[in-house]
Structure formats: C-alpha cells, structure tokens
Amino acid sequence: MKNDLIIRRLKFAQDYTQLLADENYQLVDMNMVEPFNIDDKRHHSSTIIFERNEQLFSIRSDWTRSLLNYSEDYHLSQRFFGYFGPVVRNYKTFHQAGVELYVPTDEEILASIDMHLSFVTEGYGEKFHSIVVNDDTLLDLYIDKYDLDSGIRNLVHEKNLSELRKQLGQTHPLYTLLSAKVSDQIDLVNAEFGDSDIMRFIDRLKQALEDYGMKFILDLSFRSPQSYYNGFYFQAFLDHDYPLLSGGEYNSSAFGIAVNLSNGGLL
C-alpha cells in the first residue's frame, strides 16, 4: 500500500471522527474479536468464527451488527454513535466509517445524511453524481392495493420485466412503473401513494438535497446487500461504480450510514 493512501486514510479518520464528536455522536472503538452472535452469520455469511475455551467468537465483519449487539446487551442511553475502524470479510480487511442512530426522528435522519454529504463536498471538494433510494414498504403498498401474489416481490427484485408483464399485463400500474425510466418512478409512485408516510419522507429528502445538484432516483427494485435493512435505504455515488455512502433503517427503530473507503472513490 502506498504511503500517501495510508496518510489520506488516517487524515480522513481524524477529520471524520472530529466532526462526529462536534455533532455530539458518541465515538466507539470496539475489539475486533467479539462473542459470536448467530445473527452475524445470518446477515454476513463471510463472518469468520473460531472457538476458544469452549466458547465461540467471531471477527467483526460489520460495524452495524456489532454496535447493535453491544447496545442491546448493555442498554445504552446514548442514541447516536460513530466509528472508524477495520472489518474482515472473506479474509480481507477493509476500513469502514459511519454512524448508527437509535430511535431517530425523520429530522435527525435527514440531518445525518446532509452532514455526510456536506462533509464530502466541502471537505474534499467532491461532487455527488447521484443518490438511489427505496423502501421495501412501497412494494408492499402495491401488493396490498392490487391484491397481488407475494411472489411478485421476487420478480421485482430480479427486475424480471418479461415475467411481470406476463403475469400482470402491460397496462398494470406496477408493470408500468417498473418498465419506465427510473428517473420517472418517483412521480409515478407519488401519483399512487403520495400521501403515505414513506413518500412524504422521500419527498422531503429530495427537496433537502436539491442544493447538491445530484440525480435523485427512486427505484423499487433497488435492494440493500445487507439483509437486516427493512425500511428506507439509500446509496450515494460520486462519479464512480461503487457507492461512497450507504445507509438505511433496520431493526424497526434504528438508522445507519456507512462510508465506503475501499472503492467509493474518495481516497
């Protein structure tokens, strides 16, 4: 690894953690070896597990799961946490930074997203190209409204338009939505469910991010690679193949944002 990359990563860690401390996030620095939790293996199949003195341990593969387990075990009173440190997946070490918000309001979620975007644009002079958002409950709204079989969900996630057309017909609102340009989906969903809580939140986010000049895309087929996300989810991209920021709701009352330092294009 080149010296300048190591220095840039260390400088990022200092600037980012200072920002979080200034914004009253509780910084955490946890041991990479932790008691094994079955949810860790279920959500991250690459988690490394070993036994010591007849007890199972794992090497941290994801900060969100580690912090959630820690919070549930110790009933922490603090609601906002921030971190920077390594995780190990598939026997490779990656450095990850991010925040976890427990029982946040919509305003607190919007503020945290804005804090991360402004940190990158103002601190590094980078411009975000696009942000992609979704909420799994939007698809549930279509399934309930049109009394669709639950198997439709897999077809949407697979973007299997030919089978959707065969089962629904080309004039069905859900097929019309998914066959349209993704840039048009937000208007089509608003026409159906603009009065829902999640669309009101997504519209608020869209308005809040207008000053960043990025493309705002709502895509109902968009899913997180982490299975524990169960609500609103987003990825924000620089002019790069992989997202720099990823985040969303999980555990019904928590929200996290992670900074991808490996291939997100910042370092």
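No experiment lies behind these values; they were computed from the predicted model shown.
By the neighbour-count criterion of 12 heavy atoms within 6.0 Å, atom CG of D144 is densely surrounded, having more than that number from other residues, nucleotides or ligands. Heavy-atom neighbours of D184 CG from other residues, nucleotides or ligands within 6.0 Å: above the threshold of 12. Annotation for K145: atom NZ counts as buried by contact number, over 12 foreign heavy atoms lying within 6.0 Å. The number of heavy-atom neighbours closer than 6.0 Å to OH of Y242, taken from other residues, nucleotides and ligands shown, is 12 or below.
No single ILVMFWY cluster, assembled from side-chain heavy atoms under 4.5 Å apart, contains both Y91 and F36. M30 is connected to F81 through a chain of hydrophobic side-chain contacts under 4.5 Å among Ile, Leu, Val, Met, Phe, Trp and Tyr, so both are in one cluster.
Q185 contributes no side-chain N or O that, together with a main-chain N or O of A180, makes up a donor-acceptor pair within less than 3.5 Å. The backbone N or O of L267 sits less than 3.5 Å from a side-chain atom of R8, completing a donor-acceptor pair. Checking side-chain atoms of N260 against main-chain N and O of P243 turns up a donor-acceptor pair under 3.5 Å. Remark: the backbone N or O of E163 is paired with a side-chain donor or acceptor of N160 at under 3.5 angstrom. Between the R60 side chain and the P86 main chain, a donor and an acceptor come within less than 3.5 Å of each other. With N134 contributing its side chain and F222 its backbone, the two residues share a donor-acceptor pair below 3.5 Å. No side-chain donor-acceptor contact under 3.5 Å links H95 to the backbone of R9. One N or O on the side chain of R200 and one on the backbone of D195 form a donor-acceptor pair closer than 3.5 Å.
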(message) For F50 and V33: C-alpha separation, side-chain torsions, deciding distance, then whether side chain to side chain contact (heavy atoms under 4.5 Å, CB included) applies.
(response) CA-CA 10 Å; F50 63 93; V33 175; 3.6 Å; yes
(request) Show your reasoning for whether side chain to side chain contact (heavy atoms under 4.5 Å, CB included) applies to R79 and E108. (result) CA-CA 11 Å; R79 294 194 301 121; E108 289 168 338; 2.8 Å; yes
(message) Run R204 and D106 through side chain to side chain contact (heavy atoms under 4.5 Å, CB included) and show every step you take.
(response) CA-CA 9 Å; R204 285 183 62 189; D106 286 352; 4.0 Å; yes
(message) Between L245 and F234, does the side chain to side chain contact (heavy atoms under 4.5 Å, CB included) criterion hold? Intermediate values first, please.
(response) CA-CA 8 Å; L245 302 177; F234 80 93; 4.1 Å; yes
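Rounding to the nearest 0.5 Å places CD1 of I6 at 12.0 Å from NZ of K2. Atom-to-atom distance recorded for F237:CZ and I217:CD1 is 8.5 Å, nearest 0.5 angstrom. S196 OG to L138 CG: the interatomic distance, rounded to the nearest 0.5 Å, is 6.0 Å. A distance of 12.5 Å separates CD in Q207 from CD1 in I202, rounded to the nearest 0.5 Å. Atom-to-atom distance recorded for L188:CG and L174:CG is 11.0 Å, nearest 0.5 angstrom. Separation of atoms CD1 (I113) and CE (M115) is listed at 10.5 Å; rounding is to 0.5 Å.
Proximity of V182 to V132: side-chain heavy atoms (C-beta onward) are nowhere separated by under 4.5 Å. Between V133 and I131 the shortest side-chain heavy-atom distance falls below 4.5 Å. Contact check for D135 versus E249: side-chain heavy atoms found under the 4.5 Å cut-off. Between S66 and E34, the closest side-chain pair of non-hydrogen atoms falls below 4.5 Å. Contact annotation: the side chain of F128 never approaches that of L209 to less than 4.5 Å [non-hydrogen atoms, C-beta and beyond]. L220 has its side chain within reach of L218: a pair of non-hydrogen atoms, C-beta onward, lies under 4.5 Å apart. For the pair L110/L205, a side-chain contact is recorded, criterion being any heavy-atom separation below 4.5 Å from C-beta on. Within the 4.5 Å cutoff, no side-chain heavy atoms of V87 are placed close to those of K92.
Under the 3.5 Å distance criterion, with hydrogens and angles disregarded, a donor-acceptor pair is assigned to the side chains of T47 and S61. In the model, E51 has no side-chain atom that pairs as donor or acceptor with a side-chain atom of Q55 under 3.5 Å. Counting only N and O atoms by type, the side chains of D136 and N230 include no donor and acceptor under 3.5 Å apart.
Residue pairs satisfying the ring-ring contact (aromatic ring centres under 6.0 Å, His included) criterion with at least one member in residues 190-209, sequence neighbours excluded, are listed as follows: Y142-F193, F201-F232. The stretch residues 121-132 participates, sequence neighbours left out, in no side chain to side chain donor-acceptor pair (under 3.5 Å) pair at all. Evaluation of the side chain to side chain donor-acceptor pair (under 3.5 Å) test over residues 23-33, restricted to residues two or more places apart or in two chains, returns Y25-S112.
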Donor-acceptor pairs are to be reported for all side-chain atoms of residues 96-103 against protein atoms at under 3.5 Å, with residues two or more places apart or in another chain.
from : atom 1 : to   : atom 2 : distance (Å)
E100 : OE1    : Y250 : OH     : 2.6
E100 : OE2    : T64  : OG1    : 2.7
Y102 : OH     : L67  : O      : 3.4

Donor-acceptor pairs under 3.5 Å, side chain of residues 150-157 to any protein atom, not counting sequence neighbours: which ones?
from : atom 1 : to   : atom 2 : distance (Å)
R153 : NH2    : D140 : OD1    : 2.3
H157 : ND1    : R153 : O      : 3.4
H157 : ND1    : R223 : NH1    : 3.4

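In this structure, Y146 and P173 approach most closely via the heavy-atom pair OH-CG, 3.3 Å. Considering all non-hydrogen atoms of both residues, F255 and I109 come closest at CZ-CG2, 3.6 Å. Taking each heavy atom of L117 and A236 in turn, the nearest pair found is CD2-CB, 4.4 Å. In plain terms, the two heavy atoms of G247 and Y233 that are nearest each other are O-CD1, 3.0 Å. When every heavy atom of A254 is checked against every heavy atom of P104, the shortest pair comes out as CA-CD, 4.4 Å. Minimum interatomic distance between G169 and Y175 (heavy atoms only, all atoms of both residues): O-CB, 3.7 Å.
Qualifying salt bridge (charged side-chain N to carboxylate O under 4.0 Å, His left out) partners for E158, counting only residues two or more places apart in sequence or in other chains: none.
Between Y16 and H116, the distance from one ring center to the other falls under 6.0 angstrom.
Note: F12 and F84 have tilted aromatic rings, judged against thresholds of 30 and 60 degrees for the angle between ring planes.
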